[in-house]
Protein chains: 2
Amino acid sequence: MAAGGTFDLQDFLPYLLNQAAEATSRGFQSTYRDRYGLTRTQWRVMANLGRFGAMTARDICRISHIEKTKVSRAVAGMEAEGLLTRATSDQDRRVENLSLTPKGRAVFAEIGQRALAFDADLRTRLGPDVAARVDSILREIIALQSDGAITEDD
Amino acid sequence: MAAGGTFDLQDFLPYLLNQAAEATSRGFQSTYRDRYGLTRTQWRVMANLGRFGAMTARDICRISHIEKTKVSRAVAGMEAEGLLTRATSDQDRRVENLSLTPKGRAVFAEIGQRALAFDADLRTRLGPDVAARVDSILREIIALQSDGAITEDD
DNA sequence: TTGACTTGGTTGCAGTTGCAACTATTAATC
DNA sequence: GATTAATAGTTGCAACTGCAACCAAGTCAA
């Protein structure tokens with residue numbers, strides 16, 4: 001902590017979180033970007049569809065706290081790549097049910113495996129003590145802020 | 001953790017870190033952006049200059065892991081706002097020694113105070129147990145990755 | 001039915017970013 | 001000294017982002 005009222009960026013929690021997030025995200029980025037040409041948002045959309053099956057863009061926004069324009073554009077790009085399909089809902093024609101194509105599922109399976117390995121490696125290197133605590137701490141921090149603004153970026 | 005080899009984004013450490021970083025950064029963004037018209041990078045450059053005094057753009061890059069083009073543009077903007085000055089080094093005329101103007105120092109003092117309060121509030125709300133551990137955990141994560149790629153984004 | 005309101009999703013625009021290529025200066029090698 | 005490499009910082013460009021404005025569809029109330 002900084003001495004006597006002097007602010008030190010290196011001790012600022014939002015900064016530390018950003019640095020840690022950047023450091024780890026960077027490491028995994030090459031997997032979805034260089035190998036499969038996906039953006040981070042596209043990868044996240046894919047991860048949601050892969051995990052939960054068919055869902056709407058709105059659902060993805062709610063679950064992952066991604067801004068709806070980002071989801072919209074990610075979906076458009078993935079559709080163009082044949083990774084997912086949209087099906088307009090019969091009940092409500094504003095709604096589009098999104099689901100991965102076989103190709104999309106195949107890509108998700110591959111990146112998902114790499115993600116599991118990446119995560120496991122990270123936790124191994126952190127050691128069991130840290131690995132055991134880090135999730136709950138981060139979830140606490142996330143929960144703290146969600147009382148306030150709902151907006152999101154990346 | 002995800003069951004039997006199925007990847008779950010919600011348990012992926014890089015994702016959790018990003019969510020936590022976004023959540024907290026968002027909360028503080030209004031302070032430097034809305035009140036003083038600074039970008040995040042500009043605020044970080046300012047924080048470094050405020051803490052360490054005169055330094056070069058390269059130093060800021062090294063210390064804060066910010067990409068040099070971002071620093072370059074942040075510095076240009078801050079100079080235009082009268083927040084900092086550049087002085088070409090006599091020893092090496094490629095180098096520019098950056099330092100905050102009185103106006104820049106005043107702005108830093110104000111934002112710095114708010115940052116201290118923001119950080120303290122965050123830690124209070126997290127509770128002493130978490131607050132005590134979170135720094136070292138994040139620093140460990142940051143240190144882990146710094147063996148690998150050096151690149152940076154925001 | 002009509003109108004006001006809400007909601008799912010898209011688009012336009014201006015601003016930011018990352019990367020590669022660039023200039024200018026210094027260091028190293030011959 | 002001349003040539004080559006390295007370094008500090010800038011710029012062009014294409015991609016990505018956030019926000020506000022928008023469209024189309026559905027809801028609600030009279």
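A quick note: this is a predicted structure, and the numbers were derived from the prediction, not measured. So you know, we letter chains A, B, ... as the sequences are listed, proteins then strands, and number each from 1.
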### Step-by-step salt bridge (Lys or Arg N to Asp or Glu O under 4.0 Å) determination, A/Asp11 to B/Arg139
CA-CA 10 Å; A/Asp11 298 321; B/Arg139 276 192 241 275; 3.3 Å; yes
In whole Å, I'd like the distance from the [atom1] atom of [X] to the [atom2] atom of [N].
X: A/Ile66; N: D/dT17; atom1: CD1; atom2: P; answer: 10 Å
X: B/Arg40; N: C/dG18; atom1: CZ; atom2: P; answer: 11 Å
X: A/Leu38; N: D/dC16; atom1: CG; atom2: P; answer: 11 Å
X: B/Asp90; N: C/dT26; atom1: CG; atom2: C1'; answer: 15 Å
X: B/Arg93; N: C/dA27; atom1: CZ; atom2: P; answer: 12 Å
X: B/Trp43; N: C/dT16; atom1: CH2; atom2: P; answer: 18 Å
X: A/Lys70; N: D/dC19; atom1: NZ; atom2: C1'; answer: 13 Å

### Message
Can you tell me how the ring of A/Phe12 sits relative to the ring of B/Trp43, calling it parallel under 30°, perpendicular over 60° and tilted otherwise?
### Response
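A/Phe12 vs B/Trp43 ring planes: perpendicular.
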### Query
Could you write nucleotides 1-11 of chain D as a row of B, S and -, 5' to 3', where a protein heavy atom under 4.0 Å of any base atom gives B, of only sugar-phosphate atoms gives S, and otherwise -?
-----BBSBBB
### Query
Below 4.0 angstrom from OP1 or OP2 of D/dT17, is there any side-chain N or O of A/Thr41?
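A/Thr41 to D/dT17 OP1/OP2: side-chain N or O found under 4.0 Å.
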Does [X] use its side chain to pair, donor to acceptor, with the backbone of [Y] at less than 3.5 Å?
X: A/Thr56; Y: A/Val95; answer: no
X: A/Ser64; Y: A/Ile66; answer: no
X: A/Asp121; Y: A/Ala117; answer: no

### Query
How about A/Arg40 and A/Ser25: does a side-chain donor come under 3.5 Å of a side-chain acceptor?
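There is such a pair (donor and acceptor under 3.5 Å, judged by atom type) between the side chains of A/Arg40 and A/Ser25.
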